[in-house]
Amino acid sequence: MTRAYNFCAGPAALPDVVLQQAADELVDWHGRGCSIMEMSHRSADFTAVAETAEQDLRDLLNIPSNYKVLFLQGGASQQFAQIPMNLLRDKHSADYVNTGMWSDKAISEAKRYTQVNVVASDEANNFRTVPDVSQWKINPDSAYLHYTPNETIHGVEFDFVPDVGLPLVADFSSSILSEPIDISKFGLIYAGAQKNIGPAGIVVVIVREDLIGQVIPGTATMLDYSVAAKNGSMYNTPPTFAWYLAGLVFKWLKANGGLTAMAAVNRRKADALYAAIDGSDFYGNPVDKRYRSRMNVPFTLVDASLEKTFLAEAEAARLLNLAGHRSVGGMRASLYNAVSEEAVRALTDFMADFERRHG
Ligand SMILES: *Cc1c(COP(=O)(O)O)cnc(C)c1O
């Protein structure tokens, strides 16, 4: 086994045992003489794989029965358009909170379909905190409020679920399955799979059923949630391999204690890394401590001229993908479920050693 420690923001690390299982059954799935990738999506075998994945996700997140679980394509980015198409209904505006680049992209796309009311923005502060809810300028006539619980690039994470009297819509791409979520507080949540669910190619949408079925005129059939819901997310051919692999990850999570257990491990990993950053004058993180992300930890070297050396030495030490997003620079370590405490220890040990040699 020559697996390195992988801190990629996405597509991100997957559990070793899941990859090994997929490898073991890749060529001949369960004795059928062909791969799961080579089967009809309408076969009894694949239907069982798909339904089991959905049920396991429902169990993990304790999803109420009046919510649909959809396995779609087009990534989280397509949801930026699909959400207003489906959820505006008879309303003429939508509320958005802007806490980072992903919120900002969601806002830009929604503007193509409706009037967007940005209730609060931390942009002038370079996205380092969550603006105080008491200052949010909610429009009670809006169709919904959209926010990004975890900003993957800026490393800002909400530690609460807002309650503003509108249906809540949340982009959980980089923090779904990292801890329990009370789905009943939301109208819709969505997440691209390639961070904390499985491989790229699938986006999971969990939506309260009374909110769907009233798309705006001109909406493509493929973009209507109610069509996906009626067809078990198989109006057309779904990304079967990605769905299957996500299902293996759900089984892995269940076998490892579910989301309460994940939350405890994720807390310990983030605490260990932030302690290493805060315990040194050599490293820094600019985010308001209350809202520091557990999943994506951006950090800087106080001497920015050492960044290239840091990344090269880290890679040589088999600590992969620590470069920050191209828009913000610096470093970023993503600590999704498949990143072990051992990996975080290897990173903090490396950081201390690098500081000794270059500090
Ligand atoms: C990665 C990410 C996206 C974009 O996901 P795609 O699947 O590439 O479209 C959107 N929102 C958040 C919070 C993300 O982390």
Side-chain angles (χ1 to χ4, degrees), residues 6-14 70-85 94 96-112 116 121-123 127-128 130 144-159 161-162 168-179 181 186 188-207 222-223 228 233 238-239 241-243 245-246 249 266 270 287 291-298 321 323-328 332-339:
N6 183 4
F7 300 94
C8 195
L14 288 161
L70 311 176
F71 291 82
L72 307 178
Q73 301 188 54
S77 299
Q78 182 157 288
Q79 292 309 308
F80 296 162
Q82 208 166 338
I83 285 162
M85 286 173 168
Y96 280 73
V97 187
N98 189 2
T99 51
M101 177 168 304
W102 291 115
S103 312
D104 200 43
K105 288 201 158 163
I107 289 166
S108 303
E109 191 69 7
K111 282 180 177 165
R112 297 165 66 94
V116 170
S121 171
D122 195 48
E123 189 167 11
F127 298 123
R128 286 181 299 195
V130 173
Y144 57 84
L145 175 96
H146 178 284
Y147 79 110
T148 310
N150 183 65
E151 283 284 357
T152 321
I153 294 172
H154 291 89
V156 173
E157 183 173 18
F158 282 67
D159 66 348
V161 175
L168 261 193
V169 175
D171 177 359
F172 271 100
S173 289
S174 50
S175 54
I176 193 169
L177 302 180
S178 67
E179 62 179 355
I181 304 173
F186 296 88
L188 181 152
I189 77 166
Y190 62 108
Q194 69 272 20
K195 275 100 185 209
N196 219 5
I197 295 179
I202 276 199
V203 53
V204 171
V205 172
I206 301 168
V207 60
M222 277 292 293
L223 299 183
S233 303
F241 189 72
W243 195 332
L245 215 119
V249 172
N266 286 328
V287 177
Y291 296 114
R292 283 173 158 181
S293 170
R294 297 163 306 124
M295 290 288 105
N296 309 96
V297 182
N321 296 310
H325 189 267
R326 59 189 189 280
S327 65
V328 295
R332 172 176 51 171
S334 295
L335 310 180
Y336 303 122
N337 290 337
V339 176

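Note that ligands are numbered from 1 as they come in the structure, with each ligand's atoms numbered from 1 the same way. Numbering of residues begins at 1 and proceeds along the displayed sequence.
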> Suppose I only count heavy atoms of Gly75 and a 4.0 Å limit; which atoms of ligand 1 are within that range?
7 (O), 9 (O)
> Is it the side chain, the backbone, both or neither of Gln194 that has a heavy atom closer than 4.0 Å to ligand 1?
side chain
> Please list the nearest protein heavy atom to atom 10 (C) of ligand 1 with its residue and the distance rounded to 0.1 Å.
Trp102 CE3, 3.3 Å
> May I ask you to identify the nearest protein heavy atom to atom 1 (C) of ligand 1, giving residue, atom name and distance to one decimal place in Å?
Lys195 NZ, 1.3 Å
> Just need the protein heavy atom nearest to atom 15 (O) of ligand 1, so name the residue and atom and give the distance.
Thr152 OG1, 2.4 Å
> Measure the distance from atom 5 (O) of ligand 1 to every protein heavy atom, then report the residue, atom name and distance (to 0.1 Å) of the closest one.
Ala76 CB, 3.5 Å
> With heavy-atom distances below 4.5 Å as the criterion, would you say the side chains of Met295 and Thr152 are in contact?
no
> Any heavy-atom pair between the side chains of Asn266 and Asn337 that's under 4.5 Å?
yes
> With no hydrogens and no angle check, just 3.5 Å: does a side-chain donor-acceptor pair link Thr148 and Ser103?
yes
> Do any N or O atoms from the side chain of Glu157 and from the backbone of Arg294 form a donor-acceptor pair under 3.5 angstrom?
yes
> Of all the non-hydrogen atoms in the protein, which one sits nearest to atom 9 (O) of ligand 1, and at what distance?
Ser77 OG, 2.6 Å
> Could you check Ser173, Ser175, Ser174 and say which one makes a side-chain hydrogen bond (donor to acceptor under 3.5 Å, both in side chains) with Asn150?
Ser174
> Should Tyr144 and Tyr96 count as side-chain neighbours, where that means a heavy-atom distance under 4.5 Å?
yes
> How close does the nearest protein non-hydrogen atom get to atom 11 (N) of ligand 1, and which residue and atom is it?
Asp171 OD2, 2.6 Å
